Chemist: 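Structure incoming, see below.
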Amino acid sequence: MKSFSKKSAWVFFAFSAGMMFSQPNYASIVMNGTRVIYQGNKNEVTISLTNKNPRPVLIQSWIDTGNEKTAPEKISVPFVLTPPINRVDPNKGQTIRISYTGASALPTDKESLFWLNVLEVPAKDKNSAKTQQKLNVVFRTRIKLFYRPEGLEGNSNDAPDEIHWHLNGQGATAKNNSKYNITIFTIHYKDKGTSSEIDGKMIAPGESQQFSLKNTGSIDGLSFSTINDYGALINHKAKS
C-alpha cells in the first residue's frame, strides 16, 4: 500500500494519532458493514462510505496486520487500497477499492486476518470565531478484513460448529478446528441455578483461546454467540 507519499502520510498520521482520543467524539463517516470479506476469486472488493457531517471530511484509509499503532507508511501488506486519502463532501459517498496483489502469498488452506482503518478529520469553519479556538479532533474506524482463499474447505456459517470446548471447573478452553476466523461475542454458562456470562474474543483457524468461567461442570450448560459475515449475532450450543 504505497500509493501515497511517505512524508504526507506520516504527517497526517502523526497529527491524527495525537488527537484521536483527546476528547469524546462521534464518527461522521458511516461504513456499509462491520467487517470486510475478501473472496479469493475476486479481483477486488469495494467498501462504501457516507459522510453524515454537515461539513466536508478528509479521510485517510489503510490496512494493517494487527498493530493499530504502526504508522501507515511502515506497514507492508499484499493489498492496494485506492484512494488512500480523499475528501468527502457533506451527505456524499466515497467508494474504497481493495485489491489483492499477491506480492506476499497468503495461505490457501485458511483465512488470513487484516484490519481496515478509516481515519477522518472534519473541516473547520473558517468564518466562525468559535471554531478558531476549538481542537479539530479526528476519529478512526477500524474493522476486520478477512482474506478468504478460493476453494477453502467448509463455509463460514458452519465454522462455529467446529469449535470444541473443554471445561475444567474454573474455566473453558475453545479450539477452532475450522479454516475460518471465528469471532465469539459472548459465552454463557447456566447450570443448577447458577448463571454467568462473559465477553468472547476471536479465535484464529487451528488456534485455542481460554476463558475464565466459574463453576463450569457440564458442557450442556454452555452456549455462546458468534458474529457472522453480515455482522449478525448467531447463538450456538457448545460441544466437546
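What you see is a predicted model, and the numbers here were worked out from it, not measured in a lab. Values below: all heavy atoms of this structure, side chains included; hydrogens, waters and symmetry mates excluded.
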Chemist: What heavy-atom pair brings K92 and V88 nearest, and what distance separates the two atoms?
Modeler: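 The pair with the smallest heavy-atom distance is O-CG1, 3.5 Å.
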
Chemist: Indicate yes or no for a side-chain donor-acceptor contact from Y230 to the backbone of G33 under 3.5 Å, with no hydrogens or angles considered.
Modeler: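 It does not hold such a pair.
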
Chemist: Could K110 and E153 be called an ion pair, given the rule that one side-chain N must be under 4.0 Å from one carboxylate O?
Modeler: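 Result for this pair is no, no salt bridge flagged.
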
Chemist: Rounded to the nearest 0.5 Å, what separates atom CD in E150 from atom CD in Q39?
Modeler: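 Going from the CD atom of E150 to the CD atom of Q39 covers 9.5 Å.
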
Chemist: Look at the side-chain heavy atoms of Ile, Leu, Val, Met, Phe, Trp and Tyr, link any pair under 4.5 Å apart, and say whether L152 and I182 land in one connected group.
Modeler: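 Looking at the clustering, I182 is in a separate group from L152.
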
Chemist: Which pair of heavy atoms, one from A172 and one from W165, lies closest together, and at what distance?
Modeler: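 For A172 versus W165, the nearest heavy atoms are CB-CE3, 4.0 Å.
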
Chemist: Determine, step by step, whether Y180 and R148 satisfy the side chain to side chain contact (heavy atoms under 4.5 Å, CB included) criterion, reporting the C-alpha distance in whole Å, the side-chain angles of both residues, the deciding distance to 0.1 Å, and the verdict.
Modeler: CA-CA 8 Å; Y180 299 80; R148 187 170 294 168; 3.6 Å; yes

Chemist: Are any of the side-chain heavy atoms of V138 and E120 separated by less than 4.5 Å?
Modeler: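 Side-chain contact under 4.5 Å: no.
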
Chemist: Going through the checks in order, is the side chain to side chain contact (heavy atoms under 4.5 Å, CB included) test met by I163 and I184?
Modeler: CA-CA 10 Å; I163 298 179; I184 298 178; 4.1 Å; yes

Chemist: Of all residues at least two apart in sequence or in a different chain, which pass the side chain to side chain donor-acceptor pair (under 3.5 Å) check with H236?
Modeler: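 By the side chain to side chain donor-acceptor pair (under 3.5 Å) rule, H236 matches T226.
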
Chemist: Can you check whether I198's main-chain N or O pairs, donor with acceptor, with T186's side chain at less than 3.5 Å?
Modeler: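 Answer holds: no.
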
Chemist: Is I29 reachable from W62 through a run of hydrophobic residues whose side-chain heavy atoms are each under 4.5 Å from the next?
Modeler: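 Yes; I29 is reachable from W62 via cluster members.
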
Chemist: Between F146 and Y38 (judged by ring centroids, cut-off 6.0 Å), do the two rings come close enough to count as a pair?
Modeler: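 No, the ring centres sit 6.0 Å or more apart.
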
Chemist: Do S28 and N51 meet the criterion of a side-chain donor-acceptor pair at a distance under 3.5 Å?
Modeler: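 Checked: S28/N51 side chains show no N/O donor-acceptor pair below 3.5 Å.
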
Chemist: As a test of understanding, state which of L81, N86, T46 forms a side chain to side chain contact (heavy atoms under 4.5 Å, CB included) with I96.
Modeler: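 One option only clears the test, and that one is L81.
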
Chemist: Distance from W115 atom CH2 to T70 atom OG1, nearest 0.5 Å?
Modeler: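 It comes to 13.5 Å.
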
Chemist: Going hydrophobic residue to hydrophobic residue with side-chain gaps under 4.5 angstrom, can you get from I75 over to I143?
Modeler: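 Linked within one cluster.
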
Chemist: With a 4.5 Å cut-off on side-chain heavy atoms, are I63 and I98 touching?
Modeler: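 Of all side-chain heavy-atom pairs linking I63 with I98, at least one is under 4.5 Å.
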
Chemist: As an exercise, state the distance from CG of L58 to CD1 of I85, rounded to the nearest 0.5 Å.
Modeler: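 L58 CG to I85 CD1: 7.0 Å, rounded to 0.5 Å.
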
Chemist: Heavy-atom distance under 4.5 Å between the side chains of L145 and L113, does that happen here?
Modeler: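 Of all side-chain heavy-atom pairs linking L113 with L145, none is under 4.5 Å.
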
Chemist: Compare all side-chain heavy atoms of N117 with those of T141 and state whether any distance is below 4.5 angstrom.
Modeler: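 A side-chain contact is absent here, since even the closest heavy-atom pair is not under 4.5 Å.
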
Chemist: Could you state whether V45 and F79 fall into the same hydrophobic cluster, counting links through intermediate Ile, Leu, Val, Met, Phe, Trp or Tyr residues with side-chain heavy atoms under 4.5 angstrom apart?
Modeler: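 Yes, V45 connects to F79 through the hydrophobic network.
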
Chemist: I would like to know whether K190 and E197 meet side chain to side chain contact (heavy atoms under 4.5 Å, CB included); could you show each step before the answer?
Modeler: CA-CA 9 Å; K190 184 177 182 180; E197 184 175 279; over 6 Å; no

Chemist: Tell me, yes or no, whether the heavy-atom count around D158 atom CG, taken from other residues, nucleotides or ligands under 6.0 Å, exceeds 12.
Modeler: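 Atom CG in D158 is packed in, count exceeds 12.
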
Chemist: Please give me the minimum heavy-atom distance between P122 and N53, naming the atom from each residue.
Modeler: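 Nearest pair, atom of P122 first, then N53: CB-ND2, 4.1 Å.
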
Chemist: Supply the atom-to-atom distance E44 CD to S99 OG, rounded to the nearest 0.5 angstrom.
Modeler: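 Going from CD on E44 over to OG on S99, the span is 4.5 Å.
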
Chemist: Walk me through whether S225 and N235 qualify under side-chain hydrogen bond (donor to acceptor under 3.5 Å, both in side chains).
Modeler: CA-CA 4 Å; S225 63; N235 295 318; 4.6 Å; no

Chemist: For a 4.5 angstrom cut-off between non-hydrogen side-chain atoms, does S196 reach L213?
Modeler: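 Yes; the side chains approach each other to less than 4.5 Å.
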
Chemist: Evaluate K237 against D161 for salt bridge (charged side-chain N to carboxylate O under 4.0 Å, His left out), listing each step before the verdict.
Modeler: CA-CA 9 Å; K237 290 291 294 182; D161 294 331; over 6 Å; no

Chemist: Counting distance only, does the side-chain N/O of N155 pair as donor-acceptor with the main-chain N or O of A159 below 3.5 Å?
Modeler: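 No, N155 side chain to A159 backbone: no donor-acceptor pair under 3.5 Å.
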
Chemist: Donor-acceptor pairs under 3.5 Å, side chain of residues 200-210 to any protein atom, not counting sequence neighbours: which ones?
Modeler:
| residue | atom | partner | partner atom | Å |
| --- | --- | --- | --- | --- |
| Q209 | NE2 | M202 | O | 3.4 |

Chemist: For the residue pair P107 and S112, what are the closest heavy atoms and their distance?
Modeler: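 Heavy atoms of P107 and S112 come nearest at CD-OG, 3.4 Å.
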
Chemist: With the side chain counted from C-beta on, respond yes when M31 and L116 share a heavy-atom pair under 4.5 Å apart, and no when they do not.
Modeler: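 Answer yes - side chains close enough.
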
Chemist: Are F224 and I219 co-members of a hydrophobic cluster defined by side-chain heavy atoms under 4.5 Å apart?
Modeler: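 Shared cluster, yes.
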
Chemist: Are the side chain of E111 and the backbone of N181 linked by a donor-acceptor contact shorter than 3.5 Å?
Modeler: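 Side chain of E111 to backbone of N181: a pair is present.
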
Chemist: Using a 4.5 Å cut-off on heavy atoms from C-beta on, say whether the side chain of L49 contacts that of V30.
Modeler: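 Result no, sub-4.5 Å side-chain heavy-atom pair not found.
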
Chemist: Measure centre to centre between the rings of Y147 and F114, then say whether the value is under 6.0 Å.
Modeler: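 That pair fails the under 6.0 Å test.
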
Chemist: Answer yes or no: is there a donor N or O on one side and an acceptor on the other, between the side chain of Y100 and the main chain of L106, under 3.5 Å?
Modeler: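 Checked: pair present.
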
Chemist: So does D64 pair up with K74, basic N to acidic O under 4.0 Å?
Modeler: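 The answer is no: the pair does not qualify as a salt bridge.
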
Chemist: If you define the side chain from C-beta out and look only at heavy atoms, does anything of I59 sit under 4.5 Å from L119?
Modeler: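 No, side chains not in contact.
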
Chemist: For D229 and S156, work out which heavy atoms get closest and say how close.
Modeler: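 Scanning both residues completely, I find the closest heavy atoms to be OD2-OG, 3.0 Å.
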
Chemist: Heavy-atom count around K239 NZ within 6.0 Å, excluding the residue itself: above 12?
Modeler: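 Count over threshold, so yes.
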
Chemist: Step by step, would you call I187 with L222 a side chain to side chain contact (heavy atoms under 4.5 Å, CB included)?
Modeler: CA-CA 7 Å; I187 302 170; L222 188 66; 3.6 Å; yes

Chemist: Could you tell me whether the side chain of H166 and the main chain of T173 form a donor-acceptor pair under 3.5 Å?
Modeler: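 Not at all, since once roles are kept as given, no pair shorter than 3.5 Å links the two residues.
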
Chemist: Which heavy-atom pair separates R55 from P90 by the least distance, and what is that distance?
Modeler: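 Distance-wise, the nearest heavy atoms are C-CG, 3.6 Å.
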
